[in-house]
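The basis for the numbers below is simple: all heavy atoms, side chains too, and nothing from hydrogens, waters or symmetry mates.
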Amino acid sequence: MAVDNALSSPLGPPACEKDAKALQFLEEMTRNADSVQDNVLAEILTQNSEVEYLKRFNLDGAIDRETFKSKIPMIRYEDLQPEIQRIANGDRSSILSAHPISEFLTSSGTSAGERKLMPTIKQELDRRQFLYSLLMPVMNLYVPGLDKGKGLYFLFVKSETRTPGGLLARPVLTSYYKSDHFKTRPYDPYNVYTSPNEAILCADSFQSMYTQMLCGLLEREQVLRVGAVFASGLLRAIRFLQLHWRELSDDIESGMLNKKITDTTVQDCMVNILKPNPKLAEFVRMECGKENWEGIITRIWPNTKYLDVIVTGAMAQYIPTLDYYSGGLPKACTMYASSECYFGLNLNPMCKPSEVCYTIMPNMAYFEFLPHEPAGISQDSTPKLVDLADVELGKEYELVITTYAGLYRYRVGDILRVTGFHNSAPQFHFVRRKNVLLSIDSDKTDEAELQKAVENASQLLREFNTSVVEYTSHADTKTIPGHYVIYWELLVKDSANSPGDEVLNQCCLAMEESLNSVYRQGRVADNSIGPLEIRVVKNGTFEELMDYAISRGASINQYKVPRCVNFTPIMELLDSRVVSKHFSPALPRWAPERRR
């Protein structure tokens with residue numbers, strides 16, 4: 001389709017007129033980032049001028065940046081918990097937002113072991129939908145012809161609960177998939193999925209995955225892109241295919257849906273999709289029956305042009321495995337978002353994973369940046385927050401946001417590095433989540449949680465007069481799903497009464513019981529995390545670890561045992577000293593109900 005030259009974009013020639021308008025809007029927003037930010041803050045403060053939280057700080061209707069910054073403090077989730085609890089308990093007064101809080105979005109971050117509750121308003125769905133609407137116009141600049149086929153995306157809803165006051169609490173993507181914005185979205189030839197809505201919205205994770213995989217196989221030649229939210233989710237789908245290809249092939253051959261699929265809405269929708277296809281069934285059996293699964297994605301879905309998955313931050317650990325299964329297909333990281341706010345998008349989505357950077361869209365929220373100094377460098381006790389248009393190239397910052405939904409100068413906890421600018425809008429590389437040690441999927445375990453889990457588990461060793469001398473950890477992603485590995489060096493005071501396998505297995509379970517609810521949900525409900533493993537190492541192993549660090553230039557006076565290790569030589573040293581391995585023998589306790 002020819003596009004009017006007046007609507008062409010500096011990013012490249014748009015695929016259609018609709019794309020041209022989206023790219024033009026993107027250009028306008030990024031060209032005027034600072035003035036857009038001014039307007040966004042003024043809008044938020046005008047809209048919420050009478051809310052209890054802002055009145056507490058005597059803002060007195062001011063909407064300018066200087067007054068806002070001088071009077072409103074920077075906060076963390078714990079500072080806002082009393083207000084959030086009041087809303088959760090049913091207080092409908094204007095505490096944080098003039099608009100009614102429509103639901104809570106549960107964060108993958110936790111506070112006191114429970115998911116954080118992020119307040120949101122109905123209008124935010126429009127803002128999130130807006131950012132989604134920019135993704136394909138950008139992708140079409142790099143990958144032509146995406147309107148000629150479909151996307152095989154493994155998308156899932158998670159469990160949801162209600163607060164004591166009756167508000168829904170659920171993950172942001174579950175909220176989006178269950179909204180009319182998603183369910184009744186207009187037909188767009190550039191955004192057609194193989195998975196029917198009924199399969200995506202099925203609450204049973206096995207039935208949902210089975211049906212989505214089945215539909216993906218049925219339309220294998222139509223598939224032009226394969227994706228999931230996180231890299232770990234796509235690898236779980238591949239593992240699912242490894243485990244269930246025989247049943248899937250039987251369904252394709254017979255045209256009859258597996259009896260394990262009991263959800264009636266899924267059954268009804270599959271009647272019109274699943275027809276006998278013995279030739280396809282034989283092909284699936286032939287490919288999946290081979291011992292070598294290298295390149296399986298392109299073998300099954302030969303027209304796949306790229307993988308659409310997040311491979312930044314903790315997800316980077318999955319890149320080699322994705323390369324193995326996909327034959328090195330490009331991996332597109334398209335957008336940067338969280339439960340608190342949707343932030344921006346990648347304007348060069350086909351770049352290498354190590355080069356991914358996100359352009360913050362200045363109309364999504366009011367953004368500030370807290371200068372972040374690497375460990376060991378002294379930091380100003382009262383650092384000055386920097387505006388979006390004033391960040392400096394190469395510097396790292398912690399993201400601080402003020403949203404339409406009622407978060408004011410809220411520290412998100414993401415560390416970002418400025419890599420460049422698109423017009424006047426900065427582009428950021430996601431460095432890491434602050435204070436996170438271990439992550440397999442959406443779980444985030446910090447040092448304090450890990451320490452507490454080790455302490456709780458080591459109680460089981462007391463009757464054997466044994467203690468944990470030192471420990472470290474590693475997120476092992478060689479298995480699917482990945483799992484936590486904890487290295488323990490033990491002091492056994494009575495070798496005749498040392499703890500046996502059963503006790504150490506129970507220590508694994510005790511650690512899991514001590515970890516946060518996001519981890520436990522991943523283990524119990526989502527099957528996204530495997531059983532925790534303790535590897536007991538020889539006595540003296542951590543002395544060797546210190547010697548190795550010192551040989552590489554570490555100061556003996558300042559050396560601290562790293563609580564998480566990823567460096568290959570250190571991993572090899574630890575694994576060469578392992579004397580026994582132990583796994584959690586059962587699932588930890590987890591229930592979707594929130595603690596009162």
Practice task
Measure up the Phe240 and Tyr210 rings against each other and bin them: parallel (under 30°), tilted (30 to 60°), perpendicular (over 60°).
Solution key: perpendicular

Exercise for the section: Could you tell me whether a side-chain N or O of Asn423 sits under 3.5 Å from a main-chain N or O of Ala425, the two making a donor and an acceptor? Expected result: no

Handout entry: Verdict with supporting geometry, Arg299 and Asn292, side chain to side chain donor-acceptor pair (under 3.5 Å)
Key = CA-CA 11 Å; Arg299 280 156 48 189; Asn292 182 6; 4.9 Å; no

Exercise for the section: Please report the C-alpha distance between Val229 and Phe156 in whole Å, then the side-chain angles of each, then the deciding distance to 0.1 Å, and finally whether the side chain to side chain contact (heavy atoms under 4.5 Å, CB included) criterion is met. Expected result: CA-CA 9 Å; Val229 178; Phe156 304 94; over 6 Å; no

Handout entry: Under 3.5 Å donor-acceptor, Ser208 side chain and Asp204 backbone
Key = no

Practice task
Please determine if Arg236 and Asp526 form a salt bridge, counting it only when a charged side-chain N lies under 4.0 Å from a carboxylate O.
Solution key: no

Exercise for the section: Mind checking the OG-CD1 spacing from Ser232 to Ile310? Nearest 0.5 Å is all I need. Expected result: 9.5 Å

Exercise for the section: Give the intermediate values and the outcome of side chain to side chain contact (heavy atoms under 4.5 Å, CB included) for residues Arg225 and Tyr153. Expected result: CA-CA 8 Å; Arg225 51 205 172 108; Tyr153 282 78; 2.8 Å; yes

Exercise for the section: Say whether, by atom type as modelled, one donor and one acceptor occur between the side chain of Asn32 and the main chain of Ser35 under 3.5 angstrom. Expected result: no

Fill in the blank from the handout: Looking only at heavy atoms, the pair that brings Phe154 and Gln212 closest together is CA-OE1, 3.4 Å

Exercise for the section: Could you tell me how the ring of Phe369 sits relative to the ring of Phe428: parallel (under 30°), tilted (30 to 60°) or perpendicular (over 60°)? Expected result: parallel

Handout entry: From Ile440 atom CD1 to Asp476 atom CG, the distance as rounded to the nearest 0.5 Å
Key = 7.0 Å

Exercise for the section: Give a yes or no answer on whether the side chain of Ser473 reaches the backbone of Arg563 with a donor-acceptor pair at less than 3.5 Å. Expected result: yes

Exercise for the section: Considering non-hydrogen atoms only, spot the tightest contact between Cys351 and Asn346 and give its length. Expected result: SG-ND2, 4.0 Å

Practice task
First locate atom CD of Glu355, then atom CG of Asn348, and finally report the distance between them rounded to the nearest 0.5 Å.
Solution key: 8.0 Å

Handout entry: Enclosure of Arg76 CZ (heavy-atom neighbours >12, cutoff 6.0 Å)
Key = no

Practice task
Could you tell me whether the side chains of Asp387 and Gln37 share a donor-acceptor contact shorter than 3.5 Å?
Solution key: no

Exercise for the section: Kindly say whether Cys288 contributes a backbone atom to a donor-acceptor pair with the side chain of Trp293 at under 3.5 angstrom? Expected result: yes

Handout entry: Stepwise side chain to side chain contact (heavy atoms under 4.5 Å, CB included) check, Glu221 with Asn303
Key = CA-CA 6 Å; Glu221 291 181 354; Asn303 299 315; 4.3 Å; yes

Problem - Heavy-atom donor-acceptor pair, Glu447 side chain to Leu437 backbone, under 3.5 Å - result: no

Exercise for the section: Measure across Asn566 and Cys564 and return the closest heavy-atom pair with its distance rounded to 0.1 Å. Expected result: ND2-SG, 4.1 Å

Fill in the blank from the handout: Minimal heavy-atom distance between Thr419 and Cys357, with the atoms involved, is OG1-CB, 3.3 Å

Practice task
Look at the side chain of Thr402 and the backbone N and O of Arg409, then say whether any donor-acceptor pair between them is shorter than 3.5 Å.
Solution key: yes

Problem - Polar side-chain atom of Thr304 near backbone of Tyr306 as donor-acceptor pair, under 3.5 Å - result: no

Practice task
Report, as yes or no, whether the 6.0 Å neighbourhood of atom NZ on Lys290 holds more than 12 heavy atoms from other residues, nucleotides or ligands.
Solution key: yes

Problem - Side-chain (Lys178) to main-chain (Tyr176) donor-acceptor, under 3.5 angstrom - result: no

Practice task
Tell me, with the steps shown, if Thr174 and Glu160 meet side chain to side chain donor-acceptor pair (under 3.5 Å).
Solution key: CA-CA 8 Å; Thr174 297; Glu160 56 186 44; over 6 Å; no

Practice task
In plain terms, say whether Glu124 and Arg127 are close enough for a salt bridge, that is, a side-chain N and a carboxylate O under 4.0 Å apart.
Solution key: yes

Practice task
Could you pull out the closest heavy-atom pair between Ala365 and Cys341, with the gap in Å?
Solution key: CB-SG, 3.7 Å

Exercise for the section: Report yes or no: do Tyr484 and Asp443 form a side-chain donor-acceptor pair below 3.5 Å? Expected result: yes

Handout entry: Tyr342 side chain vs Gln129 backbone, donor-acceptor pair below 3.5 Å
Key = no

Fill in the blank from the handout: In this structure, OH of Tyr190 is separated from CG of Leu135 (nearest 0.5 Å) by 15.0 Å

Handout entry: side chain to side chain donor-acceptor pair (under 3.5 Å) assessment of Tyr404 paired with Glu43
Key = CA-CA 8 Å; Tyr404 287 88; Glu43 263 181 39; 2.8 Å; yes

Handout entry: Heavy-atom closest contact (Phe230 atom, Met315 atom, distance)
Key = CB-SD, 3.7 Å

